[in-house]
Amino acid sequence: MTREIHVISSMATRGLLAELVEAWHARGGAPVRVESVGGVDAARRVAGGEPFDVVVLASDAIGRLAEGGHVVAGSCTDVVQCEVAIAVPQGAPRPALRDEEALRTAVLEAGRIAFSTGPSGTALQQVFARWGVLDTLRDRLVQAPPGVPVARLLAQGDADLGFQQLSEFVGMPSIEVLGTMPPGLEIITTFSAARCRGGSNADDVLAWLDFLRSSATDDAKRRHGMTPVHA
């Protein structure tokens, strides 16, 4: 009997992986179960030895897992790239974000600013620090708890301006996406997949990884606001 492939991923790829699992099963692929959680939590669980077959995370997190010997050497493969986007609650004023100065003005005029715990949130704070406004903004910054989408904070009125991977805004209700970061401020994250050490060595796992990076998944990746990456 074919064993289920157990995948753990960050929330940024949750919607994409759900669609790809359906497509994979339609092609007759082995059973796949995806568990999507906050990226920090996913990396911690893989490093802690929980039994997963595949991990999908930002490439820098995958790199750290590889350095620690928690994923199979040579199995890491880039899958997609995703840009950070900006959103507001539905019906809220839509500030113009044509360039860096416009974004800086919008940030300084915003009430509460939501961002994620992942690499996009770290990069965003670096932008604020470069502008010299990080200390000014601290009381207005709202960091979404691990696994909680910024879109939810916007939709329920806990933030007025939100930054997160575009893929995490796609299809979310009660928000309006203004676009990605303006030219010169782009924040782009590469998401990669790898086999977890101690997971299954079955050919089914290798076939699943091949499918994730194949051109057959390109349209789904674009629908979720991501750019396909091919070797």
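Computed from a predicted structure; not experimentally measured.
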Can you confirm whether [X] sits close enough to [Y] that some side-chain heavy atom of one is under 4.5 Å from a side-chain heavy atom of the other?
X: V72; Y: C196; value: no
X: V56; Y: V54; value: yes
X: S9; Y: F191; value: no

**Request:** Let me see the working for R3 and D53 under salt bridge (Lys or Arg N to Asp or Glu O under 4.0 Å), right down to the final yes or no.
**Result:** CA-CA 11 Å; R3 191 174 74 81; D53 298 306; 2.7 Å; yes

**Request:** Inspect the surroundings of CZ in R130 and state if more than 12 heavy atoms from other residues, nucleotides or ligands are less than 6.0 Å away.
**Result:**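 Counting neighbours around CZ of R130, more than 12 heavy atoms of other residues, nucleotides or ligands fall under 6.0 Å, so yes.
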
**Message:** How about CD on E22, more than 12 heavy atoms from neighbouring residues, nucleotides or ligands closer than 6.0 Å, or not?
**Reply:**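 Open.
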
**Item:** Test salt bridge (Lys or Arg N to Asp or Glu O under 4.0 Å) applied to R98 - qualifying residues, sequence neighbours left out
**Value:** none

**Message:** V79 vs V229, test: side chain to side chain contact (heavy atoms under 4.5 Å, CB included). Steps then yes/no.
**Reply:** CA-CA 5 Å; V79 177; V229 176; over 6 Å; no

Atom [atom1] in [X], atom [atom2] in [Y]: separation rounded to 0.5 Å?
X: F52; Y: R33; atom1: CZ; atom2: CZ; result: 8.0 Å
X: Q164; Y: S120; atom1: CD; atom2: OG; result: 6.0 Å
X: S167; Y: R223; atom1: OG; atom2: CZ; result: 14.5 Å
X: I5; Y: L206; atom1: CD1; atom2: CG; result: 9.0 Å
X: I113; Y: I86; atom1: CD1; atom2: CD1; result: 11.0 Å
X: L57; Y: L65; atom1: CG; atom2: CG; result: 6.5 Å

**Request:** Under the side chain to side chain contact (heavy atoms under 4.5 Å, CB included) rule, what do V107 and F163 come out as? Steps first, then yes or no, please.
**Result:** CA-CA 11 Å; V107 166; F163 296 79; 3.9 Å; yes

I'd like to know if the side chain of [X] and the backbone of [Y] have a donor-acceptor N/O pair within less than 3.5 Å.
X: H25; Y: V32; value: yes
X: R213; Y: T77; value: no
X: R195; Y: C76; value: no

Determine the minimum heavy-atom distance between [X] and [Y], stating which atoms define it.
X: A102; Y: A96; answer: CB-O, 3.3 Å
X: L209; Y: A193; answer: CD2-CB, 3.7 Å
X: A114; Y: V150; answer: CB-CG1, 3.7 Å
X: D218; Y: P228; answer: OD1-CB, 3.3 Å
X: A85; Y: V177; answer: CB-CG1, 4.2 Å
X: R140; Y: L108; answer: NH1-O, 3.1 Å

Is it possible for you to say whether [X] and [Y] belong to one hydrophobic cluster, with membership spreading through side-chain heavy-atom contacts below 4.5 Å?
X: F115; Y: M172; answer: no
X: L141; Y: I187; answer: yes
X: V55; Y: V205; answer: no
X: L134; Y: V84; answer: yes
X: F128; Y: V88; answer: yes

**Prompt:** Taking NZ, NE, NH1 and NH2 as the nitrogens, is one of them in D158 or R152 under 4.0 Å from a carboxylate oxygen of the other?
**Reply:**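 Here D158 does not pair with R152 in a salt bridge, since their nearest N and O are not under 4.0 Å apart.
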
**Prompt:** Are R45 and E35 close enough for a salt bridge, meaning some N to O gap below 4.0 Å?
**Reply:**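 E35 and R45: salt-bridged.
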
**Item:** Parallel, tilted or perpendicular: rings of W24 and F211 (30°, 60°)
**Value:** tilted

**Asked** Between H230 and D78, do the side chains contain an N or O donor and an N or O acceptor separated by less than 3.5 Å?
**Response**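 Side chains of H230 and D78: no pair found under 3.5 Å.
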
**Prompt:** Any luck finding a side-chain donor-acceptor pair between Q81 and T227 under 3.5 Å?
**Reply:**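 No, T227 and Q81 have no side-chain donor paired with an acceptor closer than 3.5 Å.
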
**Listed once per pair and sorted, the side chain to side chain donor-acceptor pair (under 3.5 Å) pairs that draw on residues 170-187, sequence neighbours left out** =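 For residues 170-187: R94-E176.
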
**Prompt:** Looking at Q165, E168, E19, which one forms a side chain to side chain donor-acceptor pair (under 3.5 Å) with H224?
**Reply:** E19

**Message:** Please determine whether salt bridge (Lys or Arg N to Asp or Glu O under 4.0 Å) holds for the pair R44 and E50, giving the CA-CA distance in whole Å, both sets of side-chain angles, and the decisive distance to 0.1 Å.
**Reply:** CA-CA 9 Å; R44 177 187 59 79; E50 284 196 44; 5.4 Å; no

